[in-house]
Chemist: 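Let me give you the structure first, and then I'll get to my questions.
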There are 2 protein chains.
Amino acid sequence: MRPKLEDVAKLANVSKTTVSRVLNNRGYLSQETIDRVYQAVKELNYQPNVVARQLYKKQTRIIGLLFPTIANPFFGELSAELEKRLYNEGFKVLIGNSMNDPKKEAHYLNQLLTKQVDGLIVGTHNRGIKEYNYSHLPVVAIDRNMNQDIPVIESDNYNGGVLATTHLINQGAKKIIHTNGPIELESPTKRRRLAYEDTIKAYGLTPITVTVDFNIPYIEKKKIFTQIFKDHPDLDAIFASNDVDAALIMQVALEQGLHVPKDLLLVGYDGTQIIQNILPGLTTVVQPLEQIAQTAITVLKQRLNNEPTDTEYILPVTLHKGITG
Amino acid sequence: MRPKLEDVAKLANVSKTTVSRVLNNRGYLSQETIDRVYQAVKELNYQPNVVARQLYKKQTRIIGLLFPTIANPFFGELSAELEKRLYNEGFKVLIGNSMNDPKKEAHYLNQLLTKQVDGLIVGTHNRGIKEYNYSHLPVVAIDRNMNQDIPVIESDNYNGGVLATTHLINQGAKKIIHTNGPIELESPTKRRRLAYEDTIKAYGLTPITVTVDFNIPYIEKKKIFTQIFKDHPDLDAIFASNDVDAALIMQVALEQGLHVPKDLLLVGYDGTQIIQNILPGLTTVVQPLEQIAQTAITVLKQRLNNEPTDTEYILPVTLHKGITG
DNA sequence: TTGTACGCGTTATCAA
DNA sequence: TTGATAACGCGTACAA
């Protein structure tokens, strides 16, 4: 049996209250009782029960993170960054991978609404999950529009799209294809697409956007990319909406006997550590990951304290020029 | 104010007990009360308070995962796999990245011992954290020896080392360098090193193992790898102890003007999805990630139920032959 | 400086 | 078929 406050109290010959006071050092206490209590705590190897404390305090000091999947480097690195910072603020982190399955996401949400977490950071791609609406749980979203009540943290997606597209055009590309997620999803990511299309048109070219579901197996993605090369033998550049896709495209191009950048210019998006180090040659739009994480946490804490927040935080991106485009 | 059981009870004109019964459908209930209760629940948008339930039930249905960092693809993919399976079993997942910082790891551990989680899956690389010893928390370890009480799940590290080394030797390599973590850490990973050294010696060659801390920034790793090429201009193969390191080495070799596999043979370890798809050419020892995840969960559940378990579970590896070695 | 008694929101026992 | 009541383990008014 796990010892509880009462057991410690008995052993130290004091009341529960006193033990509690000693452990949370509140109020006046004689050095003698303090010592006796700590002695008893050690003797019994007492560990306080957090759950009881959570119930009393009505807070868990746990923040939920809801992302498509941390197996993807962008969300893996983002989650690691969030965890690091939240840990320093005394929070723990509960992670849910929605796998872009609306059922799973709604289920997680329902679970987390039950006072299981104090707040939520969401970066999933589903829409129309009604649970978000009538919840009073503090929530911030990363790269996702939810509803008016929920602040969004995002990198400057539009500018990122402009940077990438302009860069490819400046390199002399004429037929540039863009890959992006399903258009139904009203996410800030769509601004990359919009920027791409606007820019392409501004230069008198024709936009071609190919839909690639974010959350399908790599092998499926590769099939889609292979098909792109079949359908557009004359294409000379691709602006991929994330680094992993860009890396996969690079691989597929290689398999197709295409040389990057000689036969194909390529620009990615994200600038994750891993891809930047494994494929430093990949030209890509770099998102400020640490800044995104920090902003999300700052804003969430404001929500936690019932302080007002903005509804949108747009953070600057930069273009990393490699050799692929 | 959040509605509680009592509020629902009042509105439905029944007792707390009845409401609880309806929601957990236990015992006999008239259809009429059932309807009335659900009506009230809906009207108040009642959400049960999990923490109160956790306190009573003395379990949280949360499993803690303690890894070096989920930013690394191996642990990212492993965590995702664990989360998926635990979710299906009705568990949630609390993630801690130790960053191989013993203080942070010990702190997490102390926190999690306080009934915050029902069980723990650990894959960190620190040693000598005493908290593990006098805890009665069910724990399983992945690729890490802790103490006799804690079962270890691991891939067949020794055989993996043999496979990789033998393969390189069969390809004609004479001077093969191996990278591995600090030797002080008594982890199963060390068996890769042992296998490498045994095999090398069996063929009359000289083992050279270079220490690379797992948890340093990629940029630092690259420096070490660059130094290897400087120190050993005549080396003709590297067996890296994980895929990311292998990928980094590949990149560094390129920078050094070395062609893989013409000038350098390279074998990695892990077989993560991302690396296998981005660099399918990388020859590597593939760990059975799903099987590792499933075994860890199965064993943890046995521990949770106080059933006996083995102390070691060794899962088979396979050699993926790419073009790098 | 210390102790008594109650509440946090649930579930289960026992009685009705 | 339902309700009163006592736990679960902790923290804090309030009293002493």
Side-chain angles (χ1 to χ4, degrees), chain A residues 1-41 44-62 110-118 136-137, chain B residues 1-38 40-41 44-62 111-118 136-137:
Chain A
M1 199 49 198
R2 267 184 110 69
K4 45 183 177 174
L5 220 47
E6 208 180 326
D7 301 320
V8 179
K10 264 185 204 142
L11 186 59
N13 254 319
V14 291
S15 73
K16 285 175 11 178
T17 313
T18 304
V19 178
S20 173
R21 279 212 193 89
V22 172
L23 297 181
N24 303 289
N25 52 346
R26 289 201 211 303
Y28 304 91
L29 297 158
S30 75
Q31 188 57 46
E32 200 209 316
T33 35
I34 294 181
D35 295 343
R36 271 221 312 281
V37 167
Y38 274 122
Q39 172 62 29
V41 164
L44 296 173
N45 186 25
Y46 168 77
Q47 307 269 9
N49 181 319
V50 213
V51 174
R53 191 178 286 169
Q54 287 174 350
L55 179 58
Y56 183 87
K57 298 251 184 177
K58 296 185 176 183
Q59 55 158 330
T60 60
R61 302 298 288 177
I62 298 178
N110 259 316
Q111 296 281 306
L112 299 182
L113 290 181
T114 55
K115 301 299 296 172
Q116 173 110 234
V117 295
D118 291 347
H136 283 174
L137 187 70
Chain B
M1 201 49 196
R2 265 185 111 71
K4 44 182 176 174
L5 220 47
E6 207 179 327
D7 301 322
V8 179
K10 264 182 203 146
L11 186 59
N13 252 319
V14 292
S15 73
K16 283 172 13 177
T17 314
T18 304
V19 178
S20 173
R21 278 213 194 87
V22 171
L23 296 181
N24 302 289
N25 52 348
R26 292 201 210 301
Y28 304 90
L29 297 157
S30 76
Q31 188 58 46
E32 202 209 316
T33 35
I34 294 180
D35 294 343
R36 270 221 312 280
V37 167
Y38 275 121
V41 164
L44 296 172
N45 185 26
Y46 167 76
Q47 306 269 10
N49 181 320
V50 214
V51 174
R53 188 179 288 166
Q54 288 173 349
L55 178 60
Y56 186 87
K57 297 253 184 177
K58 295 184 177 186
Q59 53 158 329
T60 59
R61 301 298 287 176
I62 298 178
Q111 295 282 307
L112 299 181
L113 291 181
T114 55
K115 301 298 297 171
Q116 172 112 233
V117 297
D118 291 347
H136 283 172
L137 186 72

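Computed over heavy atoms, backbone and side chain alike; hydrogens, waters and symmetry mates excluded. In what follows, every chain begins at residue 1, and chains take the letters A, B, ... in the order their sequences are listed. Please read all numbers here as calculations on a predicted model, not as lab measurements.
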Chemist: Backbone N or O of A:Glu32 within a donor-acceptor pair of the A:Asp35 side chain at under 3.5 Å?
Modeler: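 Not at all, since once roles are kept as given, no pair shorter than 3.5 Å links the two residues.
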Chemist: With side chains defined as the heavy atoms from C-beta onward, is the minimum distance between B:Arg53 and A:Thr114 less than 4.5 Å?
Modeler: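 No, side chains not in contact.
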Chemist: Distance check needed: D:dT1 C1' versus B:Asn25 CG, whole Å only.
Modeler: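 Whole-Å distance recorded here is 15 Å.
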Chemist: Which part of the nucleic acid does B:Val14 contact within heavy-atom distance under 4.0 Å: base, sugar-phosphate only, or nothing?
Modeler: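 It contacts sugar-phosphate atoms only.
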Chemist: Between B:Arg36 (CZ) and D:dT1 (C1'), how many Å, whole number?
Modeler: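 Those two atoms, CZ and C1', are 12 Å apart.
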Chemist: Mapping B:Leu55 and B:Arg21 to their closest nucleotides on DNA chain C, which lands nearer the 5' end?
Modeler: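 Closest to the 5' end, via its nearest nucleotide, is B:Leu55.
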Chemist: Measure from CD on B:Gln54 to P on C:dA12 and round the result to the nearest Å.
Modeler: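 Whole-Å distance recorded here is 15 Å.
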Chemist: Between B:Leu11, B:Leu29, B:Val22, which is the residue that forms a side chain to side chain contact (heavy atoms under 4.5 Å, CB included) with B:Val37?
Modeler: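 Answer after filtering B:Leu11, B:Leu29, B:Val22: B:Val22.
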Chemist: Of the listed nucleotides (D:dG3, C:dT10, D:dT12), which one gets closest to any side-chain atom of A:Arg26?
Modeler: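 Nucleotide nearest to A:Arg26's side chain: D:dT12.
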Chemist: B:Thr18 vs B:Ser15, test: side chain to side chain donor-acceptor pair (under 3.5 Å). Steps then yes/no.
Modeler: CA-CA 5 Å; B:Thr18 304; B:Ser15 73; 3.2 Å; yes
Chemist: Checking all strands, does B:Lys16 fall into the base, sugar-phosphate, or nothing category for heavy-atom contacts under 4.0 angstrom?
Modeler: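 Result for B:Lys16 = base.
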Chemist: Choose from C:dT2, D:dG9, C:dT10 the nucleotide whose nearest atom is closest to any side-chain atom of A:Thr33.
Modeler: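 Nearest to the side chain of A:Thr33 among the choices is C:dT2.
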Chemist: Closest to the B:Tyr56 side chain: D:dC10, C:dT10, C:dT2?
Modeler: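 The listed nucleotide nearest to B:Tyr56's side chain is C:dT10.
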Chemist: Output the rounded distance in Å from CG (A:Leu29) to P (C:dT2).
Modeler: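 Roughly 6 Å, once rounded to whole Å.
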Chemist: Rounded to the Å, how far apart are B:Arg53 CZ and C:dC8 P?
Modeler: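 These atoms are roughly 18 Å apart.
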Chemist: Looking at every strand, decide which applies to A:Leu5 at a 4.0 Å heavy-atom threshold: base, sugar-phosphate, or nothing.
Modeler: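 The residue A:Leu5 makes sugar-phosphate contact but no base contact.
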Chemist: Starting at atom NZ of B:Lys4, determine the distance to atom P of C:dG9, rounded to an integer number of angstrom.
Modeler: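 Taking NZ of B:Lys4 and P of C:dG9, I get 4 Å after rounding.
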Chemist: Using a heavy-atom cut-off of 4.0 Å across all strands, would you classify A:Ser20 as base, sugar-phosphate, or nothing?
Modeler: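 Base contact - A:Ser20 has a heavy atom under 4.0 Å of at least one base atom.
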Chemist: Roughly how many Å is it from NZ in B:Lys10 to P in C:dG9, rounded to a whole number?
Modeler: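 From B:Lys10 NZ to C:dG9 P: 12 Å.
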Chemist: With a 4.5 Å heavy-atom cut-off, do B:Lys115 and B:Gln54 have their side chains touching?
Modeler: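 In short, these two side chains do not touch, never coming nearer than 4.5 Å.
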Chemist: Return the CG to CD distance between A:Leu112 and B:Gln47, rounded to the nearest 0.5 Å.
Modeler: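 The CG atom of A:Leu112 sits 10.5 Å away from the CD atom of B:Gln47.
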Chemist: Respond yes when some side-chain nitrogen or oxygen of B:Lys115 is under 4.0 Å from OP1 or OP2 of D:dC10, and no when none is.
Modeler: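 So the side chain of B:Lys115 is outside the cut-off, no N or O lying under 4.0 Å from OP1 or OP2 of D:dC10.
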Chemist: Kindly give the heavy-atom pair with the smallest separation between B:Leu55 and A:Leu55, and that separation in Å.
Modeler: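 Closest approach of B:Leu55 to A:Leu55: CD2-CD2, 3.4 Å.
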Chemist: Does a nitrogen or oxygen in the side chain of A:Lys58 sit under 4.0 Å from OP1 or OP2 of C:dG7?
Modeler: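 For C:dG7, neither OP1 nor OP2 has a side-chain N or O of A:Lys58 closer than 4.0 Å.
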Chemist: To the nearest 10 degrees, what angle separates the axes at the start and end of the helix from C:dT1-D:dA16 to C:dA16-D:dT1, five pairs each?
Modeler: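 Taking five pairs per end, the axes differ by 40°.
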Chemist: By the 4.0 Å heavy-atom rule, please label A:Thr17 as base, sugar-phosphate, or nothing.
Modeler: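 Since a base atom lies under 4.0 Å of A:Thr17, the category is base.
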Chemist: Rounding to a whole Å, what distance do you find between A:Lys57:NZ and D:dG11:C1'?
Modeler: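 It works out to 7 Å between those atoms.
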Chemist: Are the side chains of B:Tyr46 and B:Leu23 in touch, meaning some heavy atoms are under 4.5 Å apart?
Modeler: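 Yes, close enough: below the 4.5 Å cut-off.
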Chemist: Does a side-chain N or O of B:Tyr46 approach OP1 or OP2 of C:dT10 to a distance below 4.0 Å, or not?
Modeler: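 Yes, because at least one side-chain N or O of B:Tyr46 sits under 4.0 Å from OP1 or OP2 of C:dT10.
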Chemist: Side chain of B:Asn24, heavy atoms from C-beta onward: which of C:dC8, C:dT11, D:dG9 has the nearest atom to it?
Modeler: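 Nucleotide nearest to B:Asn24's side chain: C:dT11.
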